[in-house]
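Have a look at the structure below, then the notes.
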Amino acid sequence: MPIYFDESGGISAGAMTMAGVQIEAENAQALLQRFKDVTGLHGEMKGSRISLVERALFFELLERFGGRAQICVTRGSDRAPGERLTDLQCYTALLTQLVDRWLPETGGCAALVIDDGRYDPIVLGQVRADIAAMIQPCGTAGLADSKRSAGVQVADVIANSFYNIAAGSSRAHIVERIVAPFLESHVLRVMACKVGVA
């Protein structure tokens, strides 16, 4: 079963989150289509563009279509005083730790699909190669355009939801209530991730 990855936030935004969602490709597509049918959405499903009511619907659909996610979170307050890190360093650390967390549940083999939208293709290609080396000899790691990948869009909404919570946005308390039952049922699992020397 594929695992799709996407991130939200960044160093200057006060927090970065990375979501890895395990869901069958056809179920991710069915989830996206059902979401569009109910909400009237056209185009890409993005966590930053959906309403709170739509977000609640999304998590119900995630459970209905058999998705499970792990989320890696780091906040600016987790950094050591004066520590300088780039977004790419945070991104790479979160992705690596999240893949490492998923591997025991996949028997060490996994088909990983990573959003290709954030960084230069050459840089992302190296990140993908490093991740692929972690899952040899039986796993695969590839990059995907979120517009063409329902699974990456699913990961985007999850990452954005936990970014809202981690960054303390004006919607954070409502998003916390939306995700609470799915954390209790272990459809969603959150871990604090170490970035840098802190």
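Throughout, residue positions are numbered sequentially from 1 according to the sequence presented.
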Going hydrophobic residue to hydrophobic residue with side-chain gaps under 4.5 angstrom, can you get from [X] over to [Y]?
X      : Y      : answer
Ile158 : Ile174 : yes
Phe182 : Leu52  : yes
Leu95  : Tyr163 : no

With sequence neighbours left out, what residues match Phe35 under ring-ring contact (aromatic ring centres under 6.0 Å, His included)? none
Could you walk me through whether Thr96 and Asp100 pass the side chain to side chain contact (heavy atoms under 4.5 Å, CB included) check? CA-CA 6 Å; Thr96 301; Asp100 192 57; 5.6 Å; no
Test item: [X] and [Y] side chains (from C-beta on) under 4.5 Å apart, heavy atoms:
X      : Y      : value
Thr140 : Leu112 : no
Leu62  : Leu188 : yes
Tyr4   : Ile114 : no
Val73  : Met191 : no
Lys36  : His42  : no
Ile131 : Arg128 : no

Gln22 and side-chain hydrogen bond (donor to acceptor under 3.5 Å, both in side chains): which single residue from Gln70, Arg68, Glu105 fits? Arg68
Gap between atom [atom2] of [Y] and atom [atom1] of [X] - 0.5 Å precision:
X     : Y      : atom1 : atom2 : value
Leu94 : Lys194 : CG    : NZ    : 13.5 Å
Ile50 : Asn160 : CD1   : CG    : 7.5 Å
Phe58 : Leu32  : CZ    : CG    : 9.5 Å

On a heavy-atom basis, which atom in [X] and which in [Y] lie closest, and how many Å separate them?
X      : Y      : answer
Gly151 : Val21  : O-CG1, 3.9 Å
Leu103 : Ala110 : CD2-CB, 4.5 Å
Asn164 : Ser169 : OD1-OG, 2.7 Å
Val195 : Cys90  : CG1-SG, 3.5 Å
Met45  : Gln153 : N-OE1, 2.7 Å
Val175 : Ser161 : CG1-O, 3.5 Å

Is a side-chain donor or acceptor of [X] paired with a backbone partner of [Y] at a separation under 3.5 angstrom?
X      : Y      : result
Ser185 : Pro181 : yes
Ser149 : Ser146 : no
Asn27  : Phe65  : yes
Arg55  : Ile178 : no
Arg34  : Leu61  : no
Gln33  : Gln29  : no
Trp102 : Ile3   : no

Working note: Asp115 + Asp156, criterion side chain to side chain contact (heavy atoms under 4.5 Å, CB included); need CA distance, chi angles, decisive distance, verdict. CA-CA 9 Å; Asp115 178 46; Asp156 175 276; over 6 Å; no
Show your working on side chain to side chain contact (heavy atoms under 4.5 Å, CB included) between Tyr91 and Thr86 and close with a plain yes or no. CA-CA 9 Å; Tyr91 172 93; Thr86 66; over 6 Å; no
Quick one: side chains of residues 5-19, donor-acceptor pairs under 3.5 Å with protein atoms, not counting sequence neighbours, listed by atom name and distance.
{"residue": "Glu7", "atom": "OE2", "partner": "Arg118", "partner atom": "NH1", "Å": "3.1"}
{"residue": "Thr17", "atom": "OG1", "partner": "Ala159", "partner atom": "O", "Å": "2.7"}

Counting heavy atoms not belonging to Arg171, are there more than 12 under 6.0 Å from its CZ? yes
Stepwise, does the side chain to side chain contact (heavy atoms under 4.5 Å, CB included) test hold for Phe59 with Val187? CA-CA 9 Å; Phe59 282 104; Val187 168; over 6 Å; no
